[in-house]
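Working notes, beginning with the structure itself.
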Amino acid sequence: MSVTMNTPGIDSLASETAHRRRQTEYAMRAAFLCRQYVPQEEGYLRNSQPMASDYAQGILTWSTPYAAKQYYTPMKHSTAGTTDHWDEACARAHGKNLADYARQLLLED
């Protein structure tokens, strides 16, 4: 008896290239949604994220000399809707949508 299985769907899920592409897309979506919660007076903090992040590794980084203070210290921000711990605010507001997006990325291949 001989059994042949065609597994392109499973193979593509396990592919390092496919995984890196999905991770990059997911990280970019998360960064886009998170952006609105990042404090913005002159825009330097928000604008530091695309240059400092490694989307393929799933790492989002805001890199300015004052990023840690803006993140860890509760304060009144000048732009409405912005806050400290902006990743947590994003997760509360968009967590379900991000989880749905991750599922879509896994199923599309």
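In what follows, every heavy atom counts, from backbone to side chain, and hydrogens, waters and symmetry copies are set aside. None of these values were measured; they are calculated from a predicted model.
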| said: I'd like to know if Leu33 and Tyr55 are part of one continuous hydrophobic network [Ile/Leu/Val/Met/Phe/Trp/Tyr, side-chain heavy atoms within less than 4.5 Å]. | reply: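 No; tracing contacts between hydrophobic side chains, which count when under 4.5 Å, never links both residues.
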| said: Membership question, hydrophobic clusters at under 4.5 Å side-chain separation (ILVMFWY): are Tyr44 and Tyr72 in the same one? | reply: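 Result: yes, single cluster for both.
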| query | Who pairs with Arg103 by salt bridge (charged side-chain N to carboxylate O under 4.0 Å, His left out), at least two apart in sequence or on another chain? | reply |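 For Arg103 the salt bridge (charged side-chain N to carboxylate O under 4.0 Å, His left out) partners, ignoring immediate neighbours, are Asp100.
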| said: Would you compute the distance between atom OG1 of Thr83 and atom CE of Met75 and round it to the nearest 0.5 angstrom? | reply: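 Going from the OG1 atom of Thr83 to the CE atom of Met75 covers 10.0 Å.
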| query | How far does CZ of Arg21 sit from CG of Leu105, to the nearest 0.5 angstrom? | reply |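 Arg21 CZ to Leu105 CG: 7.0 Å, rounded to 0.5 Å.
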| message | Just to verify, which of Tyr37, Trp62, Tyr71 counts as forming a ring pair (Phe, Tyr, Trp, His ring centres under 6.0 Å) with His85? | response |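 Among the candidates, only Tyr71 passes.
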| said: Using only atom types and a distance under 3.5 Å, with no angle test, would you say the side chain of Thr79 pairs donor to acceptor with the backbone of Thr82? | reply: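 Not a single qualifying donor-acceptor pair exists.
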| message | Please check this pair: side chain of Thr64 against backbone of Ala67, looking for a donor-acceptor N/O pair closer than 3.5 Å. | response |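 Here the side-chain-to-backbone pair exists.
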| request: Step through the shown structure and confirm whether more than 12 heavy atoms of other residues, nucleotides or ligands are within 6.0 Å of OH on Tyr66. | output: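 Atom OH in Tyr66 is packed in, count exceeds 12.
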| said: Can you pull out every salt bridge (charged side-chain N to carboxylate O under 4.0 Å, His left out) where at least one residue sits in residues 29-53? Sequence neighbours excluded, please. | reply: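 Output for this query is empty, none listed.
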Over all atoms of both residues, closest heavy-atom pair of [X] and [Y]:
X: His77; Y: Asp84; result: NE2-N, 3.6 Å
X: Gln36; Y: His94; result: NE2-NE2, 3.1 Å
X: Ser78; Y: Gln40; result: OG-O, 3.9 Å
X: Gly58; Y: Ala27; result: CA-CB, 4.2 Å

| query | Is the Tyr26 ring parallel, tilted or perpendicular to the Tyr101 ring (thresholds 30°, 60°)? | reply |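 Correct class here is parallel.
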| field | With Thr61 via side-chain contact (heavy atoms from CB on, under 4.5 Å) - residues at least two apart | value |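 Here the qualifying residues are Ala52, Ser53, Ile59, Ser63.
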| said: Evaluate Gln49 against Val38 for side chain to side chain contact (heavy atoms under 4.5 Å, CB included), listing each step before the verdict. | reply: CA-CA 10 Å; Gln49 181 274 316; Val38 177; over 6 Å; no
